[in-house]
Amino acid sequence: MTETPVIFWAEAIAWAVLISGLAHSALYALLLGVAAVSLHRREIERDSVRLSREQHANLPTVSIIAPAYNEVHTVVDSVRALLRQDYPDHEVIVVNDGSDDGTLTALVDAFQLRPRFDGPPAHASIRAIYASDTRDLLVVDKVNGGKGDALNAGIAVARGRLFCAIDVDSVLEPDALLRAVKPFMEDPRTVAVAGTVRVGNGCPMRNGHVVRAALPNRLLPLIQTVEYLRAFLIARYAWSGLGALMIVSGAFGVFDRERVLAAGGYNTDTVGEDAELIVRLHRVGRDENRPARIRFVPEPVCWTQAPTRLGDLGRQRRRWQRGALETIALHRHMIVSPRYGNAGWLGLGSMALIDVVGPVLEVAGYVAAFVLALLGFLSWNIFFALFAAVSSFGFLLSASAVALEEAEIRRFSDRRAVFFLLAAAFIENFGYRQISNLWRLQGCWEYLWGQKGWGQMSRSPFKDYSVG
Amino acid sequence: MISATILWTAALVLVLASLLLVVASVIGRRLGDARRQDERDGAAFRTATLIACLAGGPRSTPRPSPDDRPFWIAAARDLSSVIEGPDRDRLDQLISTWLGDRSAPVAQTREMTP
């Protein structure tokens with residue numbers, strides 16, 4: 001190979017990566033602009049007592065559905081916290097998805113549950129239902145079938161017009177339901193509402209509730225805190241404003257039960273059941289000429305424990321990637337059909353761009369540029385300048401999310417928090433971002449090879465400082 | 001040829017813009033916190049004044065200026081949502097008198113409202 005064609009191809013790859021990077025950046029800049037304007041314009045009632053008084057008369061019943069699989073050490077405390085929601089009419093349904101560690105026994109003993117006999121089971125995989133005489137608590141015992149199947153079983157026995165799907169180890173703020181229900185009352189077209197999921201590692205807890213927002217004291221969850229801020233305060237908020245929100249996190253979302261049932265419930269054959277349901281709700285809604293309104297509201301907050309080990313984080317990210325690809329593959333026709341409006345070409349299209357094309361191009365760009373620099377066809381100066389330009393745009397986005405948090409949400413009372421977040425936003429560009437892209441590529445590979453299943457993950461429970 | 005200088009300059013500009021954004025948000029939050037504290041103090045003062053009046057306290061009641069009227073109405077609305085019976089009726093009467101009586105000296109209200 002002569003030198004001239006090699007230089008030509010080197011430049012071609014560099015330009016391809018640069019142009020796709022610019023397109024990616026332009027998309028994120030658009031999202032940032034939309035999110036910043038929406039956050040600034042939103043009208044919120046910060047006082048939850050006053051909010052409760054305003055809404056109290058018309059509040060619909062909400063069923064909180066929490067699938068549990070082998071959660072014996074945390075499930076009782078988690079359920080106690082769920083029962084303490086500041087919401088007048090809610091029931092808690094824990095779905096024991098075939099646990100083999102005594103989760104069911106722990107629940108039955110702690111809440112003095114008794115078997116409920118009410119005819120044939122509402123869902124095929126249900127073995128028994130246990131109810132409390134004193135609280136609005138049901139425990140559904142079923143054979144193991146995965147999270148989607150557990151949620152479907154919960155929906156089948158729920159009595160609420162709305163249901164809230166959460167992870168049993170997540171912690172809802174006391175007014176989270178009250179705030180999440182508001183969009184349903186304001187607009188009857190609302191089918192699902194996503195709240196903010198925040199990293200709770202490091203937050204002090206009392207009686208099952210987070211006392212105050214604090215930052216994790218380890219780097220890995222700290223970087224994830226920035227990631228979550230970026231994902232929720234910029235991406236989800238903006239997509240919601242554009243009518244193209246394609247995911248309501250499995251950790252916390254509120255849904256119109258009738259519309260979810262009409263769409264067929266959760267898909268049990270994917271690990272991305274949360275995103276798949278939302279895309280299907282958009283699709284079915286458009287097919288039936290009653291478009292689904294999927295909203296994101298930043299105030300209802302759910303705290304989750306982020307993985308603290310690289311292995312666990314890698315498994316989680318590969319699973320998310322497989323879930324996204326399964327969803328895109330199932331509904332790919334929506335991208336090109338004008339019938340689905342913004343949810344199709346913009347929502348699902350950008351999901352394909354960000355989740356499929358994005359990591360491939362970024363890794364290809366890094367590798368190609370490195371190899372070319374190594375062979376002497378690209379100057380190291382340009383190589384590092386490219387890396388700096390890409391990283392600094394990533395830093396800008398993260399810093400913008402931190403700025404939005406500081407200016408509009410104001411959760412962290414510790415003034416130093418913003419500087420720790422900024423430091424994490426800077427550090428994530430050196431190693432974390434690259435390894436995240438590799439996990440995503442691995443997720444693509446696993447998807448192509450038809451790998452299924454969630455994989456084992458260990459998460460630390462929240463630290464509770466309750467007296468007694 | 002991609003110019004390294006352009007890329008380095010872009011990186012520097014983006015980093016500086018990021019830092020500027022965060023600094024602006026920190027300053028904005030501090031200013032906002034101070035303003036919100038003032039609002040909270042004002043709201044607490046109005047609620048306390050209304051409760052004192054209901055309890056038969058000060059004889060000379062404040063006469064809100066046009067600018068202050070919405071704040072007093074909000075305070076009265078908040079208070080009326082947590083009291084009942086004759087107290088609520090008296091509060092309604094009180095606030096209608098204050099807001100309806102245009103002959104009242106506005107200066108007095110300005111002194112009493114923060």
(request) Can you check whether anything in residues 389-398 of chain A gets within less than 4.5 Å of chain B, heavy-atom wise, and list it by number? (result) A389(A), S392(A), F393(A), F395(A), L396(A)

(message) To check you understand the geometry: which heavy-atom pair defines the closest contact between D33(B) and R410(A), and what is its length?
(response) OD1-CD, 4.0 Å

(request) Given side chain to side chain contact (heavy atoms under 4.5 Å, CB included), test L19(B) with L422(A) step by step and report yes or no. (result) CA-CA 9 Å; L19(B) 295 175; L422(A) 209 55; 3.8 Å; yes

(request) Rounded to the nearest 0.5 Å, what's the gap from CZ on R30(B) to CD on E406(A)? Could you check? (result) 8.5 Å

(message) Working to the nearest 0.5 angstrom, can you tell me the gap between I382(A) CD1 and W8(B) CH2?
(response) 11.5 Å

(message) At a 4.5 Å cut-off on heavy atoms, which part of F426(A) comes close to chain B: side chain, backbone, both, or neither?
(response) neither

(request) Would you please name every residue forming a side-chain contact (heavy atoms from CB on, under 4.5 Å) with V367(A), sequence neighbours left out? (result) V363(A), V371(A)

(message) Taking atom CZ as the centre, does R40(B) end up with more than 12 heavy-atom neighbours from other residues, nucleotides or ligands that are less than 6.0 angstrom away?
(response) yes

(message) More than 12 heavy atoms of other residues, nucleotides or ligands under 6.0 Å from CG of L30(A): yes or no?
(response) yes

